[in-house]
Amino acid sequence: MRSARESGCFPYKSKLVCFMEVFPDGTITQIPTDRNSRRDALSNAKSGKSKIVAVWPGQWRSDLFIIDDLDELFYAWCT
């Protein structure tokens with residue numbers, strides 16, 4: 001798994017990126033694109049109830065990223 005922060009150019013607003021919420025019990029759910037679902041996922045991640053990961057598809061492979069800059073994600077999703 002790669003770091004979104006360290007990528008330097010993670011496409012937080014891209015419609016091609018699939019965001020998922022990972023819970024401590026192993027449950028993984030896709031985060032819908034509506035504003036309320038995204039705000040709920042961000043709130044959970046900021047409070048430590050979950051982590052957000054994303055798959056960024058490429059031409060030859062797709063990479064899994066841990067979203068480790070929640071402030072940047074908030075800016076992309078909520079402003």
Side-chain angles (χ1 to χ4, degrees):
M1 186 168 357
R2 297 176 58 190
S3 162
R5 179 180 297 179
E6 291 177 8
S7 74
C9 61
F10 192 83
Y12 294 101
K13 291 185 176 188
S14 173
K15 294 183 186 297
L16 298 176
V17 175
C18 176
F19 290 93
M20 294 159 281
E21 194 170 8
V22 181
F23 295 90
D25 68 358
T27 302
I28 300 171
T29 59
Q30 185 173 351
I31 301 170
T33 58
D34 66 274
R35 189 171 286 240
N36 288 335
S37 295
R38 288 184 165 190
R39 284 181 191 243
D40 289 346
L42 271 166
S43 177
N44 288 341
K46 285 187 175 191
S47 69
K49 294 179 184 175
S50 68
K51 294 184 186 272
I52 297 177
V53 297
V55 176
W56 182 4
Q59 181 176 0
W60 305 110
R61 70 175 197 196
S62 295
D63 289 324
L64 180 65
F65 287 82
I66 183 77
I67 304 302
D68 50 359
D69 190 345
L70 296 175
D71 291 333
E72 186 68 27
L73 183 61
F74 175 83
Y75 178 77
W77 280 1
C78 301
T79 60

Asks: Can you name the nearest heavy-atom pair linking Pro57 to Ser62, along with the distance?
Replies: CA-OG, 3.3 Å
Asks: Hey, does the Lys NZ or Arg CZ of Lys51 hover above the aromatic six-ring of Phe23, less than 6.0 Å from the centre and inside 45° of the axis?
Replies: no
Asks: For Arg38 and Asp40, run salt bridge (Lys or Arg N to Asp or Glu O under 4.0 Å): C-alpha distance rounded to whole Å, both residues' side-chain angles, the deciding distance at 0.1 Å, then the answer.
Replies: CA-CA 5 Å; Arg38 288 184 165 190; Asp40 289 346; over 6 Å; no
Asks: Should Ser3 and Phe65 count as side-chain neighbours, where that means a heavy-atom distance under 4.5 Å?
Replies: no
Asks: Does any part of the side chain of Val55, heavy atoms only, come nearer than 4.5 Å to the side chain of Val17, both counted from C-beta?
Replies: no
Asks: Between Phe19 and Ile52, does the side chain to side chain contact (heavy atoms under 4.5 Å, CB included) criterion hold? Intermediate values first, please.
Replies: CA-CA 7 Å; Phe19 290 93; Ile52 297 177; 4.1 Å; yes
Asks: Side chain to side chain contact (heavy atoms under 4.5 Å, CB included) between Leu42 and Cys78: does it pass, once the steps are laid out?
Replies: CA-CA 10 Å; Leu42 271 166; Cys78 301; 4.0 Å; yes
Asks: Does the side chain of Cys18 reach to within under 4.5 Å of the side chain of Met20, using non-hydrogen atoms?
Replies: yes
Asks: Determine whether Ile67 and Val53 make a side-chain contact, defined as any pair of heavy atoms from C-beta on separated by less than 4.5 Å.
Replies: no
Asks: Could you tell me whether a side-chain N or O of Ser47 sits under 3.5 Å from a main-chain N or O of Asn44, the two making a donor and an acceptor?
Replies: yes
Asks: Count the heavy atoms belonging to other residues, nucleotides or ligands that lie under 6.0 Å from NZ of Lys46, then report whether that count exceeds 12.
Replies: yes
Asks: Walk me through it: do Asp69 and Phe10 pass the test side chain to side chain contact (heavy atoms under 4.5 Å, CB included)?
Replies: CA-CA 10 Å; Asp69 190 345; Phe10 192 83; over 6 Å; no
Asks: Salt bridge or not for Asp68 and Arg2, using N-O below 4.0 Å?
Replies: no
